[in-house]
Amino acid sequence: MKDMNEIINYCKQYGFIFPGSEIYGGLSNSFDYGTLGRELKNNIKEAWTKKFINEEINNYSLDSAIIMNPEVWVASGHVASFADPLIDCKSCKSRHRADKLIEDFTKGEETGDGWSNEKLEAYIKENNIVCPKCGKSDFTPIRKFNLLFETHIGVTEDAKSKAYLRGETAQGIFVNFVNVQRSMRAKVPFGIGQIGKAFRNEITPGNFIFRTREFEQMELEFFCKPGTDLEWFEYYKNQCLNFLYNTIGLSKENLRYRDHAKEELAFYSKATTDIEYKFPMGFGELWGIADRTDYDLSVHMNHSGEDLRYLDPETNEKYLPYVIEPSVGVDRLLLATLCESLTTEKLENEDRLILKIKPYLAPYKIAVLPLIKKVHADKAVEVYKELSKSFVCTYDETANIGKRYRREDAIGTPWCITVDDETLNNNTVTIRDRDTMEQVTLKLDEVKDYIAKKLEY
Ligand code: ATP
C-alpha cells in the first residue's frame with residue numbers, strides 16, 4: 001500500500017482531489033474533487049444506491065434539506081451533547097481530542113468512545129500519554145466542544161434566527177419517516193436511505209479526506225419491529241462487509257469488525273459495530289452500524305407532538321419501530337478505495353502505476369486513442385462521440401501510444417480503444433485490457449455490447 005503522501009500527490013497530479021481554495025493559501029482540511037474524483041465519487045454513490053436501495057425490495061430513498069428547523073437538533077440531542085472531548089497541551093498550546101490521543105497511543109485497541117471526561121483524563125495520566133506535538137504531558141482538563149456548525153437565517157443574527165448545518169443526514173430521514181411510509185405505502189420492515197453532505201466542526205481534522213469538516217454520508221435507517229432488530233442488525237453487518245469486499249473490492253485482510261463493548265455504547269443503542277479499514281496510518285472506522293432502538297423516533301414524537309407510530313395493517317397494533325443504522329462516509333470510502341487500488345507493477349523494462357479498481361467504479365470506462373493523430377483523429381472522434389452516449393469516455397491524441405496507455409493505467413481506465421488503419425479500412429478496433437494488457441480486435445458495432453457486458457455487476 002502506498003503511504004498517505006503518495007496518495008495525496010497522486011490525487012492532485014491526476015485530478016482526483018485538490019487542496020481547497022488553493023490560490024488563497026488553502027483552508028485547513030477542505031478539499032475539492034477534480035474531474036476524476038467527482039466521477040469516482042459518483043460511481044461509489046451509485047454502487048451504494050444499487051446495493052442498499054435498488055436491490056432491496058423494501059428500501060426507499062430521500063434527499064432532505066441541509067438546513068432544517070433547529071428544533072430537530074434540539075430533539076435529537078445534538079445541541080446538548082454532540083460534542084468531542086477537547087484537551088489542550090499547556091506547554092505548546094496545541095489542541096487535541098482526548099479520545100483520539102488514547103486511540104493513537106493504544107494503536108486502536110482503546111477508542112475512548114463513550115468514556116466520561118474523568119475516565120479519559122485518568123487514562124491519559126495513568127499511561128503518561130504525551131502531547132504528539134511537543135512530547136510533554138501537561139494537559140488542561142477536558143472541555144466539551146459542540147460539533148454543530150451554526151448559521152443564521154434572515155437578516156438579524158439573534159438567537160431566534162439561529163440554525164444549524166446538519167451534522168448527519170439521518171435526522172432528515174427520521175423527520176420524514178411518516179411522509180415516506182405513507183407516500184410509498186411502505187410496510188415495516190422497510191428502510192430509507194439518503195446520500196448527502198454533513199458538517200462537523202471537527203477539532204482535529206487530518207489524514208487527508210479521512211476526517212474533514214464537510215463530508216458526505218450514505219446512511220440507511222432501517223425500520224423494523226422491536227424484537228426483530230438484532231436479526232436485522234446482523235443482516236446489515238453482513239451486507240456492509242460484503243459490499244466492501246465484493247462490490248468495492250477492498251481486501252479481507254484490510255477489513256475488520258470492531259464490536260463496541262457495553263460501556264462504549266451510546267445509552268440508546270443496543271448494539272454497535274464499526275467496520276474498520278486498514279488505512280496507511282492504521283485501522284480506522286469506515287462504517288458504523290448501530291441498533292438505535294426507537295430512540296430517534298420517540299424523541300421526535302415527544303418533541304414535535306406528532307404521532308410517529310406505525311399502524312400494523314395486519315395486527316392493528318400501533319408501535320414505534322426500532323432502527324438499524326448503517327452509516328458510511330463517501331469520502332472515507334473513496335480514500336479506502338484509492339489506498340487499496342493504487343499499485344506499482346513491475347514490468348520487464350519499467351514500472352507501471354496502475355489503479356486496479358473495479359471497472360464499474362473507474363472514472364473513465366474507455367479511452368479512445370487514435371494511433372497516429374494526423375491519420376486517425378477524425379475517425380477516433382467519431383468513435384468517441386458514439387461510445388460516450390453509453391459510457392463515460394476520454395479521448396487522447398497526445399504523445400506516443402505507449403505513454404497514453406500508461407496514463408490510462410494510472411487513472412484506472414479499464415479499456416483503451418485504438419483507432420488505426422484497420423478501423424478506416426475494415427471498421428475494426430483493438431481493445432486493450434488494463435490489467436492483462438492483452439488486446440482483442442472487434443468490429444466497431446460490437447464494442448458497446450462487449451463493454452456493457454463487462455460492466456455488469
Ligand atoms: P469518528 O469516531 O471517526 O469521529 P463517528 O463515530 O463520529 O466517527 P458517525 O457519526 O458514526 O462517525 O458517522 C458515520 C460515518 O461517517 C463514519 O463511519 C465515517 O465514515 C463518516 N464520517 C464521520 N465523521 C467524518 C468526518 N469528519 N470526515 C469524514 N467522514 C466522516
Side-chain angles (χ1 to χ4, degrees), residues 17 20 28-31 33 41 44-45 48 52 73 76-78 81-86 96-104 108 110-115 120 144-149 165-173 193-221 236-237 240-241 243-244 248 250 255-260 264-266 268-269 271-277 279 281-292 295-296 323-337 339:
I17 301 166
S28 76
N29 276 87
S30 94
F31 296 95
Y33 284 80
K41 207 177 184 196
I44 288 175
K45 290 194 270 188
W48 180 89
F52 289 93
W73 303 103
S76 67
H78 284 77
S81 57
F82 188 44
D84 277 342
L86 181 75
H96 308 275
R97 257 175 72 175
D99 55 336
K100 292 293 159 207
L101 283 182
I102 293 172
E103 190 174 336
D104 291 346
E110 295 284 3
T111 62
D113 270 2
W115 290 13
L120 291 165
K144 288 284 188 189
F145 180 79
N146 196 291
L147 298 174
L148 282 180
F149 268 106
L165 302 188
R166 67 180 174 203
E168 59 178 28
T169 62
Q171 298 305 323
I173 297 178
Q194 96 161 317
I195 301 177
K197 288 248 170 168
F199 303 83
R200 295 181 186 179
N201 200 358
E202 301 272 4
I203 312 153
T204 54
N207 287 319
F208 195 31
I209 54 168
F210 179 83
R211 186 183 306 288
T212 49
R213 297 194 175 94
E214 174 181 340
F215 57 98
E216 265 186 289
Q217 288 186 310
M218 304 191 281
E219 296 198 292
L220 178 74
E221 306 302 324
Y236 276 107
K237 260 174 78 172
C240 295
L241 194 67
F243 175 78
L244 293 173
I248 301 295
L250 305 184
L255 289 167
R256 72 179 183 197
Y257 284 129
R258 196 182 68 76
D259 296 328
H260 287 215
E264 242 187 286
L265 288 176
Y268 50 78
S269 177
T272 300
T273 297
D274 294 339
I275 300 179
E276 298 186 330
Y277 179 73
F279 290 94
M281 68 281 182
F283 273 101
E285 174 181 334
L286 181 57
W287 208 321
I289 303 144
D291 180 339
R292 300 180 60 91
Y295 173 76
D296 306 276
V323 170
I324 306 302
E325 177 191 76
S327 169
V328 61
V330 181
D331 314 78
R332 256 185 219 183
L333 184 51
L334 185 142
L335 179 61
T337 309
C339 292

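Read the numbers this way: they start at 1 and go in the same order the structure lists the ligands and their atoms.
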Check ion pair R97-E202 (N to O, under 4.0 angstrom)
yes

Taking atom 19 (C) of ligand 1 as the reference point, the nearest protein heavy atom with its distance
R332 NH1, 3.4 Å

Please work out, at 4.0 Å between heavy atoms, whether the side chain, the backbone, both, or neither of R211 comes within that distance of ligand 1.
both

Is it the side chain (CB and beyond), the backbone, both or neither of E325 that lies under 4.0 Å from ligand 1, heavy atoms counted?
neither

Cut-off 3.5 Å, side chains only: do T111 and E264 have a donor facing an acceptor?
yes

When you measure from the side chain of R332 to the backbone of F210, do you find a donor-acceptor pair of N or O atoms at a distance under 3.5 Å?
yes

For ligand 1, which atoms, with element, lie under 4.0 Å from some heavy atom of [X]?
X: Q217; result: 13 (O), 14 (C), 16 (O)
X: E202; result: 24 (N), 26 (C), 27 (N)
X: E285; result: 2 (O), 6 (O), 8 (O), 11 (O), 12 (O), 17 (C), 18 (O)
X: S327; result: 13 (O), 14 (C), 15 (C), 18 (O)

Min heavy-atom dist D331 to ligand 1 below 4.0 Å
no

E168 near ligand 1, heavy-atom distance under 4.0 Å?
no

Considering both backbone and side-chain atoms of [X], is one of its nitrogen or oxygen atoms within less than 3.5 Å of a nitrogen or oxygen in ligand 1?
X: G329; result: yes
X: E219; result: no
X: D113; result: no
X: L286; result: yes

Determine, considering heavy atoms only, which of E214, E103, R200 sits nearest to atom 24 (N) of ligand 1.
R200

Between L333 and L244, is any pair of side-chain heavy atoms under 4.5 Å apart?
yes

Less than 4.5 Å apart, any side-chain heavy atom of W73 and any of R166?
yes

May I have the step-by-step check of side-chain hydrogen bond (donor to acceptor under 3.5 Å, both in side chains) for N29 and T212, ending in yes or no?
CA-CA 6 Å; N29 276 87; T212 49; over 6 Å; no

What heavy-atom pair brings Y295 and S76 nearest, and what distance separates the two atoms?
OH-O, 3.5 Å

What's the spacing between R213 CZ and R200 CZ if we round to 0.5 Å?
13.5 Å

